[in-house]
Amino acid sequence: MKETYYQNVQLPSGQVHVYAGPELFASLDYKVFEMANNNLQIPNQVYMSYTPDVHVGIGTCIGTTAVWNASDGFVSPSIVGSDIGCGMRVQLTSLHKDDLKEVKLRRKLVRAIEKHLPVEEHARGHFSDIRLEHVVKKGLHGLPKKYIPDAYTPRKATSLTHVESSRFDFDEDVLDIFPEMVWHRAHRQLGTLGGGNHFVEIQAIEIAEENREIAEAWGLYDGQVVIMIHSGSRAWGGAVSQYCGTDIAKMMRQEGIGTADPKLLYAPLSHPLGQTYVNLMYSALNYAVVNRHLIAYAVREAGKDIFGPKFELRTLYDLMHNYAWEEQMDERSYFVHRKGATRALPAGHPDNPEAYRATGHPALIPGSMGTSSYIMVGSPEGKANHYSICHGAGRIRSRNATKQLVSVEEVAAAMRVGTEDEIVVNQRSMESLVDESPQAYKDVDQIIESVVGAGLARVVAKCRPLAAVKGK
DNA sequence: ATGTAC
């Protein structure tokens, strides 16, 4: 039965392992296989796979897991993509969905969040007590203590212990390449949402009966309101991508290396430019996790405005879906790229943060706007795919194509506008939401079914949207 | 996704 959710596709340059049910597999654009074939031309690759939400990107597909041995590996800035460290965070509230029954109250909360959370950048002087240099060097450990207020359990664990990685260490000399302007902009963008598919969503959860025990161990209960955050490293990651990309493209020309796709950049891990990229990428991973943490801080402030000083947010988990790093498996070191792919570790895996060692950590999977999101947990069988699962619904239409196809009325209907159940969104006109409408994405429920069917992960809770704050 | 140049 399991086999129907997995296909091993043989291409001229190698094989790509595709995790997708029959219907999703049949719907894949041939271009994703063209792209796989190009990616497989990078030397020494030991494994490449697609998750069911795979779709075409620049140089590589979103939904890719690409693995090298650490000893003779390559790093590809194109596979990581330019939103380095982009990922998800879920914060638990003490609210029940009935507390947000009134449309008016959801609207009020959305407005309060907007007040504390700029899309673009903060006012000059905001976060003047935060040193950007400390943030990019030390991640969450570089923040002043007042920004880490959330106590998680009676055991006094804070969000420093409830994230995939609270700190990446790297050779800090590489930071010298950035001009003052990059530092300045990055400081003002700290704790801001950004554009595209980035969002803060207010959701109500439904526990999956078969995994209730895990849900309870994580502090989840039916009807609980949670905050789901999707953002990345903003312009800092973009600068890393741009600066390193220029140098690596030049090196590739000089050495006469490359694949059929000139946009697919890569360097040996042993090359100085490969090393520089990995170091700078780690600075962007630090930036991204702090960015999501400060977004949660802003939501906490907004919650206090509406519900009073007792309003608290506890961190369930924070993890990335665009990155590359070293992982151990069967006593071997691999260099693993995930582009639009989420690591989902099972119970007992040593790379789980200690708080989640016994259960596996929460894997956070967003749906498209107006549809459900999921909190999942990895299964031991995920090992075959280096524990990668999907990262969301996966786009099926470009922004422009969606605008041609979908009307404002259809988007309003999908958001149940005008009813008591309206999913309140922070936009003055529905028009600006069209390119993020559910019609632009695959059906997330079908994606999840493929992941579960393939045995990679299980659903712990389904999260239904109540309100959303979208970026530009 | 994002900044920048067109």
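The structure presented is a predicted model; accordingly, all values stated were derived computationally and were not measured.
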Novice: Tell me, which of residues 275-294 of chain A have any heavy atom that sits under 4.0 Å from an atom in DNA chain B?
Specialist: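 Those residues: none at all.
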Novice: If I take atom CD1 from residue A/I177 and atom OG1 from residue A/T276, how far apart are they, to the nearest 0.5 angstrom?
Specialist: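 A/I177 CD1 to A/T276 OG1: 7.5 Å, rounded to 0.5 Å.
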Novice: According to side-chain hydrogen bond (donor to acceptor under 3.5 Å, both in side chains), does anything in residues 242-264 of chain A pair up with another residue at least two apart or in another chain? List the pairs.
Specialist: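 Passing the test, one end in residues 242-264 of chain A: no pairs.
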Novice: Counting runs of three or more consecutive pairs, Watson-Crick or G-U wobble, with each distance below 3.5 Å, where are the stems of DNA chain B?
Specialist: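 Consecutive-pair runs (3 or more) involving DNA chain B: none.
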Novice: Please work out which residues in residues 239-252 of chain A have a non-hydrogen atom less than 4.0 Å from an atom of DNA chain B and list them by number.
Specialist: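 Nothing qualifies; none.
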Novice: A/S437 versus A/T402: any side-chain heavy-atom pair under 4.5 Å?
Specialist: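 SC-SC contact between A/S437 and A/T402 confirmed.
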Novice: Quick one: pull up CZ in A/F335 and CD in A/E326 and give me the separation to the nearest 0.5 Å.
Specialist: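 Separation between the atoms: 7.5 Å.
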Novice: For a side chain to side chain contact (heavy atoms under 4.5 Å, CB included) check, start with the C-alpha distance between A/L456 and A/Y19, then their side-chain angles and the critical distance, and finish with the verdict.
Specialist: CA-CA 9 Å; A/L456 299 177; A/Y19 286 88; 3.8 Å; yes
Novice: For residues 385-395 of chain A, pull every pair meeting salt bridge (Lys or Arg N to Asp or Glu O under 4.0 Å), keeping only residues two or more places apart or in separate chains.
Specialist: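 Only A/R395-A/E436 qualify under salt bridge (Lys or Arg N to Asp or Glu O under 4.0 Å).
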Novice: Students should find this one: the first and last nucleotides of DNA chain B, 5' to 3', lying under 4.0 Å from a heavy atom of chain A. What are they?
Specialist: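 Nucleotide range in contact with chain A: B/dA1 to B/dT4.
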Novice: Remember a base hit wins even if backbone is also touched, and classify A/I58 as base, sugar-phosphate or nothing at under 4.0 Å, heavy atoms.
Specialist: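 Counting heavy atoms under 4.0 Å across all strands, the contact made by A/I58 includes a base.
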Novice: Distance only, no hydrogens: is a donor on one side chain within 3.5 Å (strictly under) of an acceptor on the other, for A/S82 and A/S241?
Specialist: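 Judged by distance alone, the side chains do not pair up.
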Novice: What about A/H230 and A/H391, are their ring centers closer than 6.0 Å?
Specialist: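 No; A/H391 has its ring centre 6.0 Å or more from that of A/H230.
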Novice: Looking at residues at least two apart in the chain, or sitting in another chain, which of them share a ring-ring contact (aromatic ring centres under 6.0 Å, His included) with A/H55?
Specialist: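 Testing A/H55 for ring-ring contact (aromatic ring centres under 6.0 Å, His included), a comparison that skips the adjacent residues, returns none.
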Novice: Need one value for A/G195: base, sugar-phosphate or nothing, where a base atom within 4.0 Å counts as base even if backbone is also close, heavy atoms only.
Specialist: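 Since only primed, P, OP1 and OP2 atoms lie under 4.0 Å of A/G195, the category is sugar-phosphate.
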Novice: Salt bridge (Lys or Arg N to Asp or Glu O under 4.0 Å): which pairs involve residues 177-201 of chain A, sequence neighbours left out?
Specialist: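 Residue pairs passing salt bridge (Lys or Arg N to Asp or Glu O under 4.0 Å), neighbours aside: A/E121-A/R188.
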Novice: Could you tabulate the donor-acceptor pairs under 3.5 Å formed by side-chain atoms of residues 366-378 of chain A, not counting sequence neighbours?
Specialist:
{"from": "A/S368", "atom 1": "OG", "to": "A/T371", "atom 2": "OG1", "distance (Å)": "3.1"}
{"from": "A/T371", "atom 1": "OG1", "to": "A/S368", "atom 2": "N", "distance (Å)": "3.0"}
{"from": "A/T371", "atom 1": "OG1", "to": "A/S368", "atom 2": "O", "distance (Å)": "2.8"}
{"from": "A/S373", "atom 1": "OG", "to": "A/Q203", "atom 2": "NE2", "distance (Å)": "3.3"}
{"from": "A/S373", "atom 1": "OG", "to": "A/G367", "atom 2": "N", "distance (Å)": "3.0"}
{"from": "A/Y374", "atom 1": "OH", "to": "A/D445", "atom 2": "OD1", "distance (Å)": "2.5"}

Novice: Which is more 5' along DNA chain B, the nucleotide nearest A/R185 or the one nearest A/N197? Just name the residue.
Specialist: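 It is A/N197 whose nearest nucleotide is closer to the 5' end.
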Novice: Run the side-chain contact (heavy atoms from CB on, under 4.5 Å) test against A/A302 and tell me which residues pass, sequence neighbours left out.
Specialist: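 Listed in chain order: A/A112, A/I113, A/H116.
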Novice: Answer yes if the side chains of A/Y323 and A/R338 hold a donor-acceptor pair under 3.5 Å, and no otherwise.
Specialist: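 There is such a pair (donor and acceptor under 3.5 Å, judged by atom type) between the side chains of A/Y323 and A/R338.
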Novice: Looking only at side chains, do A/H141 and A/S166 share a donor and an acceptor under 3.5 Å apart?
Specialist: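 Looking only at side-chain atoms, A/S166 and A/H141 do form a donor-acceptor pair, the distance falling under 3.5 Å.
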Novice: Using a strict heavy-atom distance below 4.0 Å, which residues from residues 365-374 of chain A are in contact with DNA chain B?
Specialist: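 Per residue number, the list is empty: none.
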Novice: Which donor-acceptor pairs under 3.5 Å do side chains of residues 457-465 of chain A form with protein atoms, sequence neighbours excluded?
Specialist:
{"from": "A/R458", "atom 1": "NH1", "to": "A/N211", "atom 2": "OD1", "distance (Å)": "2.8"}
{"from": "A/R464", "atom 1": "NE", "to": "A/E206", "atom 2": "OE2", "distance (Å)": "2.6"}
{"from": "A/R464", "atom 1": "NH2", "to": "A/E206", "atom 2": "OE2", "distance (Å)": "3.4"}

